[in-house]
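Every value quoted in this text rests on a predicted model; they were computed, and no experiment measured them. In what follows, every heavy atom counts, from backbone to side chain, and hydrogens, waters and symmetry copies are set aside.
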Amino acid sequence: MVKEECKALLDALNKVTACYRHMVLTIGGTSDSQNLREELKKTRQKAQELAVANRNKLTTVLKDKSVSKEDKAEFERLWVIFSTCLEILEIDMRRALELGHEFPLNVPKKHLIQTGMSGGTSGVAARAMSVQNMKYEAERNIDVVDLKDLENEINQVGEMMYEMEMKVNVPQWTVEAKQDPGAELKSTISVGASSIGMISVEENKSFCDISKVLAGIIFSAVLIIAIVLAVCVVKLS
Amino acid sequence: MTVTRLDYGQRYRPRMAFLKKIEPLMMEMQDPDTGVKTQTQRVMITNIPHAVTGNDVMQWILQRLQITQEEALHLGDLFVKYGYIYPLQEPKNLTLKTDSSLYRFQTPYFWPAQSWPADDTDYAIYLAKKNIKRKGILEEYEKEHYNMLNQKINYKWDFVIMQAKEQYKAGKERKKADRYALDCQERAYWLVNRTPPGVLDVLEYGVDRVTDPNENKKKTMDVYRREIMYYQQSIMKSRVKSSVSLGGLVKYSEQFLSNDPLLSGCLPSNPWITDDPEFWDLNAKLVEIPTRMRVERWAFNFSELIRDPKGRQNFQLFLKKEFSGENLSFWEACEDLKYGDQSKVKEKAEEIYKLFLAPGARRWINIDGTTMGITVRGLKHPHRYVLDAAQTHIYMLMKKDSYGRYLKSPIYKEMLAKAVVPQETVKKSSGFPFGRRHLRSSPSPVILRQQEEEAKAREAATTVDITQPCHHAAQAPHPAVYTGTSTPPSTPAAPACPPAALPPSTACPSPITVAFGSTAGAEKEREPQDPSPFPSSSGRSRMAALSFGRFLKRGCWTSPVFATLSPKCPAMPHGKVQPLGEREQQLWTDTKAVSSFFQIKMDGPLESRICPIDSEKGEDNRHRACLRP
């Protein structure tokens, strides 16, 4: 029970971290915008909440003496995953801070790097926040204002990590991975099939679409001809 | 928790300061008016904007920075190599081509920065993602990395897989074109940061520093104190005018130009080219007949002579003739102490002391009182540099005194005449161009060392022939100044060198030097033992006269002889020195100094010695024959 809850929380944190990474990648590029900055802010706040929840849950479990050995090993493994996730989050937050300073959005002289991106990241953010659509309600200069908050949050995360290190004594190297190398291939084969070689698959799809459209056109053309012929026959006879 | 890295910000490695300089240039390139013109890249049916041609990039650099074509090309190439711009058509070939090949700018997150080195965990996630996308098709080196990382960060592996999957899924939320661009970006980043085998790793900058040289340290008293000390020492540093040092450099180059085998060619031939090792054979360490160039080189300056083992050998011959061979032997012994086996430092230092420094030693060297004092004091706690002061003194002595005479001596001139000038060999054209060249390996260092040691032993044997066996015939217990072991005093260094006509004169000068030299130690030793109240000066002059007389005969009337007298007066505490005092007594008592001396010698219990008495006796006879008018 507790294990499932922990796992779920961890999965959520993992998802949010991945989305955050995606968004930080686009700072300074052409798909950077005020919306992106707002998304970043919201995502990282969510990440922090999840992190706190995770930490509380895991620390209570790890401090509990009554768990069995296998359970304890399992929780230690989860703990290691959690701490690694948090590290990645912290690094991304720091980079976001640095990049945010370098690429302020409302300065006319500073141009964004033309990275080839044209679309937005709202889909990613929606995924992170587990909502259907993102709502944007922040002010115009969130990119500058937010940086201060970001700094504070970075410090908070740093402190949290330090506390965790001090309070919970889980030697990382004792944890063994459950997944073998190459496990990602087996489990995501269904996922992979749907998007093999990105562009070529899309190509196929689009080609299929085109062929379908063509077939429809031909069919309708044939139908029209048949109707015309029938009318002619009727008229003549 | 992973050990968090120290902040290796750019301040630690000023070498990478250029990274921060490239960034503003990159940003300038984005200006829609003055920047680089962009085009759209067409991939199948999608259009991805913001592609630039290599030519445009180079033209922009040329125009903006006003530099030459070559420089601009090089700079543009560096931009690509460091990952600021990545190629679209040939992703793995990170060079700038000035044609219409397309490039794109890298997103700032993936710009190289020293504060954010590429992480192993990230790389593992990337490889896992690639695995998912390509269904297991990775490059060879990527597969290796994958396996290696799996072992290295195995405890994080579950996280790696989870994160890879999530990142992959999150990526799907983006536009198709954006996804493609993202893929290219990431691939470019990892091509720069985890180079494939054979590609130069441009981000390599050596070892990281641990401390930050620009850190603002709190100015405590200690910091200020250290700063003051540092500046005081800097002021005291001696400086040489650059004109002087450069002049010296020029002079050195001119002098040694002809000796440089690379610049002036070498005779007979360069072994690396003609495959003929004659050059090395002719220039072996202790070759019988050295080459002329080598011998001429000894005349350049003293350090050249002393560096060359053959030169030292020749110089030693000369010094023996001058009765100052112990200087060079002492110098060599000091070198051995400094660079030899450190576990034997104590024993070596003791031996050197006994042999060279102790008052009345067999091969006593002539150094001034202060140096002797320093050395003796230092010898109480021996270490490898304890004899440095004495060594320097002897070195300067040899350099200023003996070296000049050596260069004019017949020994050197003979060597110069004997020296061989090798013929230049013609490059042997191998008969068969495809034939196997017979490869010869140079002699193994083990064998070379053995040969050296044998040669050394032979040298030692020929010079110290007779004295060796008497070495352990201890006559009277002499507590040496600082060691408790009883040492055999000097042994009669009777001349017995078959080849050389000269007796080993190493021990000979000692009475003279003792007589003439005003060693405080000797004097000090003499005073307490000598009850006779005669003033030391007169005694010395008398001794001087006698020494001179003996010197003329080229006999070896040395302290070993004196030592033989020691059994006569057993109550002498310092056996090594007492011979002198005793001799004086004897002199004083005997009127016919010379003959009585001989008599004393004859009376001495020479029979009890193991030394070759015959030669000694022979010498006595010779001397007696000479002296008896």
Side-chain angles (χ1 to χ4, degrees), chain A residues 11 14-15 17-19 21-22 24-31 77 80-81 83-85 87-88 95 99 102-103 110-119 121 123-124 126-127 161 164-165 172-179 181-185 188 191-192 195-196 198-200 202-203 206, chain B residues 1-2 23 26-27 30-32 35 38 41 43-46 48-51 104-110 115-116 119 121 128 131-133 135-136 146-147 150 154-159 161-185:
Chain A
D11 283 338
N14 191 33
K15 186 171 73 167
T17 311
C19 295
R21 166 64 70 94
H22 257 281
V24 176
L25 277 178
T26 44
I27 300 182
T30 34
S31 37
R77 188 184 75 93
V80 167
I81 295 176
S83 55
T84 324
C85 201
E87 276 167 27
I88 297 240
R95 289 212 80 169
L99 290 170
E102 263 190 61
F103 294 96
K110 287 210 160 181
H111 306 282
L112 297 168
I113 307 291
Q114 292 161 319
T115 47
M117 310 289 214
S118 38
T121 44
V124 183
R127 186 188 167 84
M161 284 174 70
M164 280 164 55
E165 177 72 350
Q172 278 191 315
W173 49 90
T174 56
V175 168
E176 266 184 46
K178 262 192 174 173
Q179 317 230 32
E184 65 270 14
L185 292 167
T188 57
V191 181
S195 61
I196 299 166
M198 292 208 321
I199 299 290
S200 51
E202 306 294 351
E203 290 261 291
S206 51
Chain B
M1 205 69 71
T2 323
E23 289 174 12
M26 282 290 134
M27 293 201 248
Q30 314 303 322
D31 194 316
T38 56
Q41 181 202 11
V43 180
M44 308 280 191
I45 54 165
T46 30
I48 305 174
H50 309 143
R104 193 174 283 126
F105 299 107
Q106 181 66 283
T107 184
Y109 185 90
F110 284 145
S115 2
W116 310 106
D119 196 21
T121 320
N131 240 351
I132 298 173
K133 269 183 233 157
K135 310 200 66 169
Y146 185 87
N147 293 330
N150 182 34
N154 190 264
Y155 55 93
K156 288 191 198 175
W157 204 253
D158 291 338
F159 170 74
I161 306 282
M162 278 168 67
Q163 182 69 208
K165 286 193 209 159
E166 275 305 319
Q167 283 190 10
Y168 179 72
K169 285 182 204 160
K172 299 249 241 95
E173 301 290 335
R174 303 206 60 176
K175 228 172 74 171
K176 182 181 52 149
D178 283 357
R179 236 183 302 156
Y180 183 77
L182 261 172
D183 259 4
C184 293
Q185 276 175 10

Problem set entry | Nearest-0.5 Å distance that lies between atom NZ in B:Lys156 and atom SG in A:Cys85 | 11.5 Å

Problem set entry | For chain A, the option from B:Ala51, B:Gly171, B:Ala164 that forms the most heavy-atom pairs under 4.5 Å | B:Gly171

For this session: With sequence neighbours excluded, tell me which residues meet side chain to side chain contact (heavy atoms under 4.5 Å, CB included) with B:Asn150.
Result: A:Pro181, B:Asn154, B:Trp157

Exercise. Rounded to the nearest 0.5 Å, how far apart are CG of B:Asp178 and OG1 of A:Thr115?
Worked result: 8.0 Å

Exercise. Is it the backbone or the side chain of B:Gln106 that comes under 4.5 Å from a heavy atom of chain A, or both, or neither?
Worked result: backbone

Exercise. What's the spacing between B:Phe110 CZ and A:Leu25 CG if we round to 0.5 Å?
Worked result: 4.5 Å

Problem set entry | Rounded distance [0.5 Å steps], CZ in B:Arg104 versus CD1 in A:Ile113 | 13.5 Å

Problem set entry | Which atoms of B:Gln41 approach chain A - backbone, side chain, both or neither, heavy atom under 4.5 Å | neither

Exercise. Atom CE of A:Met117 and atom CD of B:Gln185: how far apart are they, to the nearest 0.5 Å?
Worked result: 4.0 Å

Exercise. With a 4.5 Å limit on heavy-atom distance, are the side chains of B:Arg174 and A:Thr26 in contact?
Worked result: yes

Problem set entry | Top of B:Lys175, B:Met27, B:Met26, B:Gln30 for chain A proximity - count of heavy-atom pairs under 4.5 angstrom | B:Gln30

For this session: Would you mind checking which part of B:Thr38 comes under 4.5 Å of any heavy atom in chain A, side chain (CB onward), backbone (N, CA, C, O), both or neither?
Result: side chain

Seminar exercise, completed: Heavy atoms of B:Ala170 and A:Val124 approach each other most closely as O-CG2, 3.7 Å

For this session: Would you mind telling me which of A:Arg21, A:Arg77, A:Gln114 has the largest number of heavy-atom pairs within less than 4.5 Å of chain B?
Result: A:Gln114

For this session: Mind checking the OH-NE2 spacing from B:Tyr109 to A:His22? Nearest 0.5 Å is all I need.
Result: 11.0 Å

Exercise. Does A:Asp11 have any side chain to side chain contact (heavy atoms under 4.5 Å, CB included) partners at least two apart in sequence or in another chain, and if so, which?
Worked result: B:Met162

Problem set entry | Contact winner vs chain B - A:Leu99, A:Thr121, A:Val80, heavy-atom pairs under 4.5 Å | A:Leu99

Exercise. How close do B:Thr107 and A:Ile27 get, heavy atom to heavy atom, and via which atoms?
Worked result: OG1-O, 4.0 Å

For this session: Identify which part of A:Arg127 has an atom lying under 4.5 Å from any heavy atom of chain B, answering side chain, backbone, both or neither.
Result: side chain

For this session: Over all heavy atoms of both residues, which pair between A:Gly116 and B:Ala181 is shortest? Give the atoms and the distance, please.
Result: O-CB, 4.2 Å

Exercise. Checking heavy atoms, do the side chain of A:Leu112, its backbone, both or neither come under 4.5 Å from chain B?
Worked result: backbone

